[in-house]
**Q** 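Following this message is one structure expressed as structure tokens.
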Amino acid sequence: MAEDVHKNPEVNGSKQPFPTSAKSFTAEDEAALTEALKRCSPATIEAAVKFRKTGDPAPVPTVVIGIIERFAEPDQRARLRVADDDLRLIEDLGIDSLTMMEIVILVEDALQMSINNDELRNLRTLGDIKVFIDCKVRGLPPPKPSRFLPIEHIGAVMPIQPPFLFLNEATIGSSSASAKYKITGDEFFLKGHFKDNPVMPASIMLEAIGQLAVLFLIEGGHGEEGKQADPQTIYFTGCEGVRAHRICKPGDTLTISIKPKRLKMPLATIEGQIRVGQEKAVYVEEITLTYGFREAVAQPVPAAVSAVAAPKAVHSLPAAAARIISPAAV
């Protein structure tokens, strides 16, 4: 890692710490690094060597993805190669706690850094890991961790309820949110849309994007001090720039994502999209909601919401090793 740090205005368009020189990296160091990464791809080894020689953080994502790929099951590796930041380590890639420990140790060795358990606790997706490692390399504090919300929590806080709730789970960050919804085929509207050919209505997919925007307002911590968005005051006011790209049918899992463009009470303008795997299904340039504030209150979340008929995913790594991630509080 670098010894000297200075302000570089060219990094990501803003001034950020940037290592200007790397520690001495000898031929013996390169041989040891190559041996440690011998089961990784040549591109991973090349990127790790470049980082250790120059201190340039640009190759770091390639190193991290390559190390995760080395431990992932063979049938999951193709998903990593497309670098989908929404990929979840546990639910999508099947990485358990012991495997995660091996990944962390190898990342530490390859990048010459130290990572502790508290820092890992809220890293659930590939995107979380890439941002975290990039901040560590640059000497920056990591962003506020995103929060994973299971179906029980969503059902407890949302004003929208089954059978019109189209979020099975969600991850809420400080500047974005994502969610999943699996089309089961039992949805009431599919009985008539269309006859003998069930297709998810595009209007319902827009509704799902809007619901994630509502959840983001409620759970994203964007209220004034001591206040939070009031679920009973959030309503749809309009949308612009809608494009439908793909038919979605029973069995498809929708990956919904949103980013706020403007948040100024009483209006929130959100950009959103839905994908199925790597295929774009729906994009909306702007969904606008109106909302108000209420006094912030701690809301108890029931252990289960029996009315919500959705598969329950595994949300935390088992505590199978001493140096392992513990589940994040939601």
Side-chain angles (χ1 to χ4, degrees), residues 75-76 78-79 82 84-88 91-92 149-172 176-218 231 234-259 261 268-290 304-313:
D75 61 345
Q76 299 294 341
R79 304 178 71 182
V82 298
D84 182 354
D85 286 354
D86 292 328
L87 275 177
R88 300 165 299 176
E91 296 89 341
D92 296 331
L149 305 183
I151 184 61
E152 294 85 0
H153 189 108
I154 295 170
V157 302
M158 284 286 283
I160 305 153
Q161 294 291 296
F164 212 70
L165 182 61
F166 305 114
L167 307 173
N168 293 154
E169 61 181 63
T171 300
I172 306 297
S176 64
S178 63
K180 301 279 187 180
Y181 179 76
K182 184 171 183 178
I183 306 172
T184 66
D186 296 326
E187 290 84 356
F188 66 92
F189 45 80
L190 291 182
K191 293 179 174 64
H193 195 280
F194 300 102
K195 182 180 179 181
D196 301 324
N197 180 30
V199 172
M200 187 78 161
S203 57
I204 296 292
M205 290 195 279
L206 284 176
E207 169 70 20
I209 295 172
Q211 289 182 8
L212 182 56
V214 171
L215 186 63
F216 178 79
L217 286 175
I218 295 171
I234 304 175
Y235 295 100
F236 170 88
T237 65
C239 65
E240 300 285 346
V242 178
R243 295 289 184 272
H245 299 271
R246 183 191 192 278
I247 291 174
C248 298
K249 299 178 70 67
D252 286 341
T253 296
L254 309 182
T255 297
I256 310 155
S257 58
I258 62 104
K259 291 182 179 180
K261 298 177 77 171
T269 302
I270 306 289
E271 177 185 11
Q273 68 170 327
I274 293 178
R275 289 180 292 105
V276 176
Q278 293 305 304
E279 297 181 47
K280 186 182 293 185
V282 170
Y283 171 78
V284 56
E285 184 177 342
E286 292 188 353
I287 285 181
T288 303
L289 305 173
T290 181
V305 179
S306 58
V308 180
K312 185 175 180 180

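These figures come from a predicted structure and were not determined experimentally. In this chain, numbering begins with 1 at the start of the sequence shown. The figures that follow rest on heavy atoms only: side chains count, while hydrogens, waters and symmetry mates do not.
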**Q** Roughly how far apart are His193 NE2 and Ile204 CD1, rounded to 0.5 Å?
**A** 8.5 Å
**Q** Let me know which of Ile287, Ile256, Ile274, Ile270 forms a side-chain contact (heavy atoms from CB on, under 4.5 Å) with Leu212.
**A** Ile256
**Q** Quick one: does any side-chain atom of Ser176 pair with a main-chain N or O of Ile258 as donor and acceptor, under 3.5 Å?
**A** no
**Q** Which pair of heavy atoms, one from Ile172 and one from Ala177, lies closest together, and at what distance?
**A** CD1-CB, 3.6 Å
**Q** Run the ring-ring contact (aromatic ring centres under 6.0 Å, His included) test against Phe166 and tell me which residues pass, sequence neighbours left out.
**A** Phe164, Tyr181, Phe189
**Q** Would you indicate whether the side-chain heavy atoms of His245 and Val282 approach each other to under 4.5 Å?
**A** no
**Q** Can you list everything that forms a side-chain hydrogen bond (donor to acceptor under 3.5 Å, both in side chains) with Lys280? Sequence neighbours excluded, please.
**A** none
**Q** Taking salt bridge (charged side-chain N to carboxylate O under 4.0 Å, His left out) as the cut-off, I'd like each qualifying pair that reaches into residues 268-278, sequence neighbours left out, listed once.
**A** Asp84-Arg275, Asp86-Arg275
**Q** Test side-chain contact (heavy atoms from CB on, under 4.5 Å) on Ile234 and Thr290 and set out the steps.
**A** CA-CA 6 Å; Ile234 304 175; Thr290 181; over 6 Å; no
**Q** Going by heavy atoms in the side chains, are Ile154 and Leu215 under 4.5 Å from each other?
**A** yes
**Q** Might you point out which heavy atoms bring Gly155 and Gln161 nearest each other, and give the distance in Å?
**A** O-NE2, 2.9 Å
**Q** For Val242, give me all partners under side chain to side chain contact (heavy atoms under 4.5 Å, CB included), at least two apart in sequence or on another chain.
**A** Leu206, Cys239, Val284
**Q** With rounding to the nearest 0.5 Å, note down the distance linking CZ in Arg243 to CD in Gln273.
**A** 14.5 Å
**Q** Roughly how far apart are Glu152 CD and Glu169 CD, rounded to 0.5 Å?
**A** 11.0 Å
**Q** Output all residues satisfying side-chain hydrogen bond (donor to acceptor under 3.5 Å, both in side chains) with Tyr235, sequence neighbours left out; order by chain, then residue number.
**A** none
**Q** Please report the closest heavy-atom contact between Pro250 and Leu190, naming both atoms and the distance.
**A** CG-CD1, 4.1 Å
**Q** Output all residues satisfying side-chain hydrogen bond (donor to acceptor under 3.5 Å, both in side chains) with Thr255, sequence neighbours left out; order by chain, then residue number.
**A** Lys180
**Q** State, to 0.1 Å, how close Gly272 and Ile209 come at their nearest heavy-atom pair, and which atoms those are.
**A** CA-CG2, 3.9 Å
**Q** Taking only residues two or more places apart in sequence, or in another chain, which ones meet Glu279 in a salt bridge (charged side-chain N to carboxylate O under 4.0 Å, His left out)?
**A** Arg246
**Q** Which residues pass the salt bridge (charged side-chain N to carboxylate O under 4.0 Å, His left out) test with Lys261, not counting sequence neighbours?
**A** Glu286
**Q** Nearest 0.5 angstrom please: Met200 CE to Glu207 CD, how far?
**A** 9.5 Å
**Q** If you take all heavy atoms of Met205 and Cys248, which pair is closest and at what distance?
**A** SD-SG, 3.7 Å
**Q** Specify the closest pair of heavy atoms between Ala213 and Leu289, including all atoms of both residues, with the distance to one decimal.
**A** CB-CD1, 3.7 Å
**Q** Mark yes or no for whether Asp252, through its side chain, and Ile183, through its backbone, hold a donor-acceptor pair below 3.5 Å.
**A** no
**Q** For Pro159, what residues pass the side chain to side chain contact (heavy atoms under 4.5 Å, CB included) criterion, not counting sequence neighbours?
**A** Val214, Ile218, Pro231, Gln232
**Q** Under the rule for side chain to side chain contact (heavy atoms under 4.5 Å, CB included), what residues qualify as partners of Asn197, not counting sequence neighbours?
**A** Phe194, Val199, Lys249
**Q** Quick one: side-chain hydrogen bond (donor to acceptor under 3.5 Å, both in side chains) partners of Gln76, sequence neighbours excluded?
**A** Arg79
**Q** Quick one: side chain to side chain contact (heavy atoms under 4.5 Å, CB included) partners of Thr171, sequence neighbours excluded?
**A** Ser146, Phe148, Ser178
